[in-house]
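Here is the structure we will look at.
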Amino acid sequence: MSQRRSVVLAVDSGESSGIFLSQCVSVCRWDQSLISAMLQTVARYAMICTGTCYDFGASIVLRQIHFPLAAMLRFFVLLLLVSLTHLAVAATRPNLILILADDLGFGDVSYQGAPDIQTPNLDRLATQGITFSSMRANCTVCSPTRAALLTGRYADRVGVPGVIRTSPENSWGHLAAGVPTLADRLGHSGYHTAIVGKWHLGLQTPNTPNERGFDFFHGFLGDMMDDYYTHLRGGINFMRKNQQTIEPRGHATELFTQWSIDYLRKRSESADQPFFLYLAYNAPHFPIQPPADWLDRTRQRFPDLDDKRAHNVAFVEHLDHNLGTLLEQLDALGLSQNTVVAFTSDNGGSLPHGQRNLPWRDGKQSHYDGGLRVPFIIRLTDAKRAGTTCDYAGLTFDLNATFLELAGAKPDAETDAVSLMPILRGAAMPDAPRELYFVRREGNNRYVGSAYHAVIRGKWKLLRNDPFTPYELYDLSSDPQETENVVAKHPDVVNQLKRSLQAHIQQGGRVAWQPPMEQTAADD
């Protein structure tokens, strides 16, 4: 009689994972569905070896399989080959870094013509990648753009039509539960996920970064800092390392850079697992607070420069320097060749704080393009597209769909975002018409808690900049600076765009933008 060996496998491809499957997911962070498929293949091979039939339904259980010794060896060789194949595929997926500046104006980077600001590191990133000249932020202010970026859906469709603030009475958003974030989807696809810097999408459970898909968080929960050195907001410390409150010392921009470098060093030791780093600087958001030596250098270069402008120039150049430090470390760690880097801003610059959005009209809070047009760069691992410019008119959250496709991750069936992958491959985007929708809800006497909207379809842009003034219409093909309101000349166009806005507003209205009453009561 031939010698036999027994092998016991418990595999569940349903909601509860078997021991082997759960270990693969938690230790190796492989995609659960892929592991299930792999084990089903192995199970079928076992069935062939033993000549026994098994039920391969939603739940697979192989309780006692008796292999001849040779068959058992072939079994484990097959398992090893399938595993190595998956690891090889995972190794080819790029690391992903998304860098988001806060209030960086379109005209405040030197690669786009700023006459007084020098941003050599952003300029270098632009020459190494693709610059997008016609991209807009999803909103004119912080939280809605961040919510849209992380979910791939319009901000009011995930409960964040306005700024989430540290004071509940002046907070105009609440990130909807159950909506997968970019970090969720990348994590399920095998990526290690991290956010360093400004979160601005919730202060407590269930909307902290670690609860919304990020394996690692090192940064600031709140809306803005009252001081870049104390890091406080209204006297409260919102600095965290995961769930732990921390009290770091130093300028916030420098801290976020160093923490990102620390993260990259750790990930360089785990080359078999790709990573996603979301680095969200809070610079150059006011208070405009560059280190003293950076301000001194700016004043020496431009002794006649207005003080407010001098502070902003120094602040942006300090941010650019830190970006350069990060990119240098990415090179030094040998990660650049397999890392896609994207850079943009959450909205236009703030005019009252000396920021510049030229050549576009107005700035932060405004639906004129000065509030929406932002710097936008993607640097690929392949240098074939380096130094090119694209005029595709999209939105910030298109990075969500693009990163998911780069990672081979499962896309969101309800996404409003569009992947930029055709451009990254050197092809044209589909000709399908696309409508761009904007919303912002706000308090105080100008807005009174109401929302105001804008929509772009083709060459036409319909907008208003508070909830109570009449709509304006601009022909962007002949008037890109939005100087001539033609609303009276094109009533049919206005009515079409208003009907479209109504549909957008109805869809967003289905999602609550304030926390549930029980949560509010608990917070009080």
**Prompt:** When L221 is tested against each of R240, M239, H200 for side-chain contact (heavy atoms from CB on, under 4.5 Å), which residue passes?
**Reply:**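 Only one option passes, and that is R240.
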**Message:** Rounded at 0.5 Å granularity, tell me how far CZ in F216 sits from CZ in F275.
**Reply:**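 One finds 13.0 Å between CZ of F216 and CZ of F275.
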**Request:** Flag the pair Y228 / H285 as yes when their ring centroid distance falls below 6.0 Å, and as no otherwise.
**Result:**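 Ring centroids of Y228 and H285 are no less than 6.0 Å from each other.
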**Asked** Less than 6.0 Å separating the ring centroids of W259 and H218?
**Response**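 They qualify: ring centres under 6.0 Å apart.
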Is a salt bridge present between [X] and [Y], judged by a nitrogen-to-oxygen distance below 4.0 Å?
X    : Y    : answer
R440 : E442 : yes
R153 : D416 : no
D398 : R434 : yes
E405 : K410 : no

**Message:** Using side-chain heavy atoms (C-beta onward) and a distance below 4.5 Å, is L98 in contact with L279?
**Reply:**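 They are not in contact (no side-chain heavy atoms under 4.5 Å apart), so the answer is no.
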**Request:** Kindly indicate whether the side chain of R212, heavy atoms from C-beta on, has any atom under 4.5 Å from the side chain of L201.
**Result:**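 Answer no - side chains too far apart.
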**Asked** What's the verdict on side-chain contact (heavy atoms from CB on, under 4.5 Å) for F343 and L125, showing C-alpha distance, side-chain angles and the deciding distance?
**Response** CA-CA 9 Å; F343 176 90; L125 191 67; 3.9 Å; yes
**Asked** Under the salt bridge (Lys or Arg N to Asp or Glu O under 4.0 Å) test, which residues partner D262, sequence neighbours left out?
**Response**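 Partners of D262 under the salt bridge (Lys or Arg N to Asp or Glu O under 4.0 Å) test: R265.
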If I compare all heavy atoms of [X] with all of [Y], which pair ends up nearest, and what's the gap?
X    : Y    : result
P274 : N95  : CA-OD1, 3.3 Å
G152 : T415 : O-OG1, 2.8 Å
D103 : S345 : N-OG, 3.6 Å
G348 : K364 : O-CB, 3.5 Å
R157 : G508 : CG-CA, 4.2 Å
P411 : L404 : CA-CD1, 4.2 Å

**Request:** Before giving the answer on ring pair (Phe, Tyr, Trp, His ring centres under 6.0 Å), spell out for H192 and F214 the whole-Å C-alpha distance, their side-chain angles and the decisive distance to 0.1 Å.
**Result:** CA-CA 8 Å; H192 191 275; F214 287 97; over 10 Å; no
**Item:** Any pair counted as salt bridge (Lys or Arg N to Asp or Glu O under 4.0 Å), so long as it reaches residues 185-206, sequence neighbours left out
**Value:**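 Found D102-K198, R185-D412.
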**Request:** Just do the side chain to side chain donor-acceptor pair (under 3.5 Å) check on H231 and E247 with the steps written out, would you?
**Result:** CA-CA 9 Å; H231 320 126; E247 297 182 359; over 6 Å; no
**Message:** Go through it in stages, so that I can follow the logic: the residues are L399 and T344, the test is side-chain contact (heavy atoms from CB on, under 4.5 Å), and I'd like the CA-CA distance, side-chain angles, deciding distance and then a yes or no.
**Reply:** CA-CA 10 Å; L399 284 170; T344 189; 4.2 Å; yes
**Request:** Take T257 and Y281 through the test side chain to side chain donor-acceptor pair (under 3.5 Å) and record every step on the way to the result.
**Result:** CA-CA 9 Å; T257 302; Y281 286 111; 2.8 Å; yes
**Request:** For the pair F397 and Y154, name the ring-plane relationship: parallel under 30°, tilted 30 to 60°, perpendicular over 60°.
**Result:**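 F397 vs Y154 ring planes: tilted.
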**Message:** Test of understanding: with side chain to side chain contact (heavy atoms under 4.5 Å, CB included), list the residues that count as partners of T166, not counting sequence neighbours.
**Reply:**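 L203, D223, R233, F238.
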**Asked** Would V160 and W172 satisfy side-chain contact (heavy atoms from CB on, under 4.5 Å), going step by step from the backbone distance to the final call?
**Response** CA-CA 7 Å; V160 191; W172 305 99; over 6 Å; no
**Message:** Run the side-chain contact (heavy atoms from CB on, under 4.5 Å) test on Y437 and N138 for me, step by step, so that the C-alpha distance in whole Å, both residues' side-chain angles and the decisive distance to 0.1 Å come before the verdict.
**Reply:** CA-CA 8 Å; Y437 165 65; N138 275 85; over 6 Å; no
**Request:** Begin with the C-alpha distance, continue with both residues' side-chain angles, and end with the deciding distance and a verdict on side chain to side chain donor-acceptor pair (under 3.5 Å) for E211 and T205.
**Result:** CA-CA 7 Å; E211 296 171 294; T205 188; 2.4 Å; yes
**Request:** Could you please spell out the steps behind the side chain to side chain donor-acceptor pair (under 3.5 Å) verdict for D346 and T145?
**Result:** CA-CA 6 Å; D346 61 350; T145 289; over 6 Å; no
**Request:** Would you indicate whether Q243, at its atom CD, is surrounded by more than 12 heavy atoms from other residues, nucleotides or ligands within a distance under 6.0 Å?
**Result:**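 Enclosed: over 12 neighbouring heavy atoms sit under 6.0 Å from CD of Q243.
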